[in-house]
Amino acid sequence: MMMEQTKKVLVTGITGNVGSEVARFLKEADYPFKAGVRNIEKAKKALGEDLDYVTFDLEDESTFEEALKDVDKVFLIRPPAISDPEKMVPFINKTQEMKIEQLVFLSLMGIERNPIPPHYKIEKYILKSGIPYTFLRPSFFMQNLDTTHRDDIKERNEIFIPAGNAKVSFIDARDIGAVGAKTLIEKGHENKSYTLTGSEALDYYEVAKIFSKVLGREIKYTNPPSLKFRKVMIERGVPKEFANVMVGLYFSTKMGMGKKVTAELETLLGRKAISVEQYVKDYVSLWQ
């Protein structure tokens with residue numbers, strides 16, 4: 001890979017599924033980056049001491065200048081806590097002001113036709129700003145099953161998700177991270193949008209069968225009604241706003257918005273996407 005290393009990438013969301021993978025691939029490629037985090041000490045405990053940390057909070061404009069110093073590219077993730085896309089605008093404006101050369105934004109599959117999730121407006125703001133962009137539009141993360149839904153599988157032997165019989169082209173966050181790093185390192189990905197999926201679409205009944213096979217015990221997909229799902233999530237301590245976002249996403253899944261399979265990931269990485277079965281095998285200890 002040809003690369004110019006005069007400046008750095010600012011990677012946001014580095015403590016999350018995708019941000020941590022982008023950082024891992026950039027590190028492997030020896031490509032310089034800053035890890036933008038709200039709490040440096042906390043991040044060091046989670047990720048280790050050996051990263052170039054900088055204080056960065058999307059809701060605190062006083063952190064923008066220092067975070068973007070000596071930076072020419074940004075990997076931007078909307079924090080789950082920010083449901084109002086307007087809160088992202090000051091940072092997008094700042095990247096424009098500081099003449100950032102590429103903004104890689106982690107969006108959602110099908111967002112160009114779905115104005116409900118905040119990503120739709122964020123993409124529009126970025127386009128309006130004129131900053132060279134790369135939109136990564138992945139399908140549903142497999143990793144939602146070892147984070148948000150981990151306890152259901154581990155303790156209750158169920159996949160408690162209101163998605164009906166819909167098929168989903170699940171994607172592994174490791175694959176998204178690999179694509180994210182590639183689009184930052186290589187030239188030629190500016191002003192492009194990539195719809196990233198796994199290589200097959202499965203319904204949650206099929207996913208439950210894969211879990212049952214790998215874990216050696218029966219895992220059931222219970223497919224609750226949306227309102228019951230929302231109520232249970234809030235009872236378990238999920239903030240109302242995030243519970244509403246989840247209901248919206250699973251409703252769009254139910255309507256068939258997660259079933260599309262594309263070859264874009266394979267084309268970009270020159271290999272097959274990680275399968276659901278491989279993912280479950282790799283993370284098996286999390287549900288045991």
Side-chain angles (χ1 to χ4, degrees), residues 16-19 21-22 25 77-78 80 104-117 119-120 123 134-150 152-153 159-183 189 192-214 219 221-223 226 229 245-283:
N17 286 326
V18 176
E21 290 298 328
V22 170
F25 284 106
I77 293 180
R78 177 194 67 88
V104 179
F105 174 58
L106 183 68
S107 194
L108 289 175
M109 180 165 89
I111 198 69
E112 62 277 22
R113 300 179 307 281
N114 184 4
I116 297 164
H119 305 73
Y120 178 86
E123 280 199 11
T134 308
F135 294 148
L136 305 184
R137 295 170 175 163
S139 187
F140 266 63
F141 300 177
M142 295 176 192
Q143 276 73 9
N144 288 335
L145 296 164
D146 68 70
T147 51
T148 311
H149 303 292
R150 175 177 163 185
D152 290 329
I153 297 167
I159 296 175
F160 183 76
I161 286 170
N165 300 317
K167 287 195 178 283
V168 179
S169 53
F170 295 97
I171 185 168
D172 194 302
R174 292 172 290 181
D175 281 343
I176 307 168
V179 171
K182 192 179 174 78
T183 61
H189 299 286
K192 290 187 178 172
S193 305
Y194 297 118
T195 298
L196 306 173
T197 75
S199 49
E200 61 179 343
L202 304 170
D203 62 39
Y204 280 99
Y205 294 105
E206 292 170 301
V207 172
K209 275 185 187 164
I210 292 168
F211 268 94
S212 302
K213 179 185 160 190
V214 177
I219 305 297
Y221 168 48
T222 48
N223 188 22
S226 293
F229 171 80
V245 169
M246 286 167 80
V247 168
L249 286 172
Y250 286 125
F251 179 74
S252 59
T253 306
K254 216 173 192 170
M255 296 294 101
M257 286 189 77
K259 68 183 179 187
K260 185 177 180 179
V261 175
T262 74
E264 291 185 41
L265 185 135
E266 271 183 46
T267 305
L268 286 160
L269 298 182
R271 62 163 173 81
K272 281 252 186 234
I274 297 167
S275 68
V276 172
E277 185 163 348
Q278 188 58 54
Y279 154 76
V280 180
K281 285 176 179 171
D282 290 348
Y283 290 83

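Position 1 is the first residue of the sequence; numbering continues from there. Predicted model only: the values in this text are computed from it and were never measured. Side chains included, hydrogens not; waters and symmetry mates left out as well; all remaining heavy atoms used.
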Inset, instruction - Might you point out which heavy atoms bring M142 and I274 nearest each other, and give the distance in Å? - result: CE-O, 3.1 Å
Inset, instruction - Using a 4.5 Å cut-off on heavy atoms from C-beta on, say whether the side chain of M246 contacts that of T148. - result: yes
Inset, instruction - Any chance you could measure Y204, atom OH, to I161, atom CD1, to the nearest 0.5 Å? - result: 4.0 Å
What pairs of donor and acceptor atoms, side-chain ones from residues 248-263 against any protein atom, are under 3.5 angstrom apart with sequence neighbours left out?
| unit_1 | atom_1 | unit_2 | atom_2 | d |
| --- | --- | --- | --- | --- |
| Y250 | OH | H149 | NE2 | 2.7 |
| S252 | OG | G248 | O | 3.4 |
| S252 | OG | L249 | O | 2.7 |
| T253 | OG1 | L249 | O | 2.8 |
| T262 | OG1 | T195 | O | 2.7 |
| T262 | OG1 | E264 | N | 3.4 |

Legend entry - Donor-acceptor contact present, side-chain Q143 to main-chain N17, <3.5 Å: no
Inset, instruction - Go through the structure and list residues passing salt bridge (Lys or Arg N to Asp or Glu O under 4.0 Å) with E112, not counting sequence neighbours. - result: R137
Inset, instruction - To the nearest 0.5 Å, tell me how far F141 CZ sits from I171 CD1. - result: 8.0 Å
Inset, instruction - Would you check if N114 and L108 make a side-chain contact, meaning some heavy-atom pair closer than 4.5 Å? - result: no
Inset, instruction - Might you work through the side-chain contact (heavy atoms from CB on, under 4.5 Å) test for V207 and V168, ending with a clear yes or no? - result: CA-CA 10 Å; V207 172; V168 179; over 6 Å; no
Legend entry - Check: H189 and V104 side chains under 4.5 Å, non-hydrogen atoms: no
Legend entry - Spatial distance of atom OH (Y205) from atom OG1 (T222) [nearest 0.5 Å]: 8.5 Å
Inset, instruction - Could you check if a side-chain atom of E21 sits within less than 4.5 angstrom of a side-chain atom of I176, using non-hydrogen atoms only? - result: no
Inset, instruction - For the pair S169 (side chain) and T197 (backbone), establish whether a donor and an acceptor sit closer than 3.5 Å, ignoring hydrogens and angles. - result: no
Inset, instruction - Ignoring hydrogens and angles, tell me if any N or O in the side chain of Y221 forms a donor-acceptor pair with the backbone of A163 under 3.5 Å. - result: yes
Inset, instruction - State, yes or no, whether a side-chain contact exists between L106 and P138 at a heavy-atom distance under 4.5 Å. - result: yes
Inset, instruction - Would you check if V245 and P80 make a side-chain contact, meaning some heavy-atom pair closer than 4.5 Å? - result: no
Legend entry - Pairwise distance CG(L202) to CZ(F170) - rounded to 0.5 angstrom: 6.5 Å
Inset, instruction - Identify, with sequence neighbours excluded, every residue that meets salt bridge (Lys or Arg N to Asp or Glu O under 4.0 Å) alongside K167. - result: E206
Inset, instruction - Identify the two heavy atoms, one from L268 and one from K182, that lie closest to each other, and give their separation to 0.1 Å. - result: O-CE, 2.7 Å
Legend entry - Value rounded to 0.5 Å, distance of OH in Y194 from OG1 in T267: 10.0 Å
Inset, instruction - Please round to the nearest 0.5 Å and tell me the distance separating atom CZ of R150 and atom OH of Y283. - result: 12.0 Å
Inset, instruction - Mark yes or no for whether D175, through its side chain, and G198, through its backbone, hold a donor-acceptor pair below 3.5 Å. - result: no
Legend entry - Minimum heavy-atom distance G177-F25, with the two atoms named: C-CD1, 3.6 Å
Inset, instruction - State, yes or no, whether a side-chain contact exists between F105 and H119 at a heavy-atom distance under 4.5 Å. - result: yes
Inset, instruction - Indicate yes or no: at least one non-hydrogen side-chain atom of Y279 is less than 4.5 angstrom from one of L145. - result: yes
Inset, instruction - State whether the side chain of N223 and the backbone N or O of G164 hold a donor-acceptor pair below 3.5 Å, judged by distance alone. - result: yes
